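Step one of this worksheet: look at the structure below.
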Amino acid sequence: MTKRTLTDVAKVAVCNFAVGAVMVGVFAILGYFDLTVLWGALLGNAFVSLNFLWIGFTVERSVAKDPKKAQQRVSSTYVLRLVAAGVMVFAAIKLECFNYVAAIIPLFYQKFVIMAVGAWTNRRKKDDKGMVSEA
């Protein structure tokens, strides 16, 4: 994987875990915190972070292929990622060490985290281009 892809994945993972920490705090404020919430949040955030890594890896490998094969690859990994999400949700529900709500919530905010990180990165790039260097 390229350094840029790994950097983007790392940014999204850090933000996922930051939002997860806020989520755990909300559980605590509402009086629902116990260790299963922490384990569920860790499971959910680890899953969405690894899922984003998987997406990055798939897209990076697909770019080098012809468009039809790239589309097939992306479609097939979508199905596999969806099955993996189902397995994670099933495990979170069945295993008592996880609070399944805390494990499932990250599946919903991942898209917003990715969009926010993308917007922040684009904003910083525009700021960098707009700067006048003094020489």
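Fair warning: this is a prediction, and the values are worked out from it, not measured in the lab.
- Note that CG of N99 and CG of L38 are 10.5 Å apart. Values are rounded to the nearest 0.5 Å.
- Separation of atoms OG1 (T77) and CG (L82) is listed at 11.0 Å; rounding is to 0.5 Å.
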Step-by-step side-chain contact (heavy atoms from CB on, under 4.5 Å) determination, L6 to L53: CA-CA 8 Å; L6 291 175; L53 178 66; 4.2 Å; yes
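- Between the side chain of N51 and the backbone N or O of F47 there is no donor-acceptor pair closer than 3.5 Å.
- Between V113 and F52, the closest side-chain pair of non-hydrogen atoms is not below 4.5 Å.
- One finds the CD1 atom of I114 at 12.0 Å from the OH atom of Y109 (value rounded to the nearest 0.5 Å).
- Note that the OG atom of S62 and the NZ atom of K69 stand 12.0 Å from one another [nearest 0.5 Å].
- Taking hydrophobic clusters as Ile, Leu, Val, Met, Phe, Trp and Tyr residues chained together by side-chain heavy-atom distances below 4.5 Å, I29 does not share a cluster with V22.
- Nearest heavy atom pair, residue N16 against residue S49, reads ND2-OG, 3.5 Å.
- Distance check: F98 CZ to I93 CD1 gives 12.5 Å after rounding to the nearest 0.5 Å.
- At least one side-chain heavy atom of F27 sits less than 4.5 Å from a side-chain heavy atom of V101.
- Side-chain heavy atoms closer than 4.5 Å link hydrophobic residues (I, L, V, M, F, W, Y) into clusters, and following such links, even through other members, never connects V19 to F112.
- In this structure, V117 and D8 have side chains that are not in contact, with every pair of non-hydrogen atoms separated by 4.5 Å or more.
- When the side chains of ILVMFWY residues are joined at heavy-atom separations under 4.5 Å, either directly or via intervening members, F90 and M88 end up in two distinct hydrophobic clusters.
- Taking the side chain as every heavy atom from C-beta outward, E96 and T36 never approach each other to under 4.5 Å.
- A continuous path of hydrophobic side-chain contacts links L43 to Y32 [ILVMFWY only; heavy atoms under 4.5 Å].
- With values rounded to the nearest 0.5 angstrom, L50 atom CG is found 12.5 Å from R81 atom CZ.
- Both Y100 and L35 are members of a single hydrophobic cluster when ILVMFWY side chains are connected at heavy-atom separations under 4.5 Å.
- Of all non-hydrogen atoms in W54 and A84, the two that sit nearest each other are CZ3-CB, 4.2 Å.
- The minimum heavy-atom distance linking M23 with A102 is given by the pair CE-O, 3.3 Å.
- The shortest non-hydrogen separation linking E60 to M1 is OE1-CA, 2.9 Å.
- Remark: the backbone N or O of V37 is paired with a side-chain donor or acceptor of D34 at under 3.5 angstrom.
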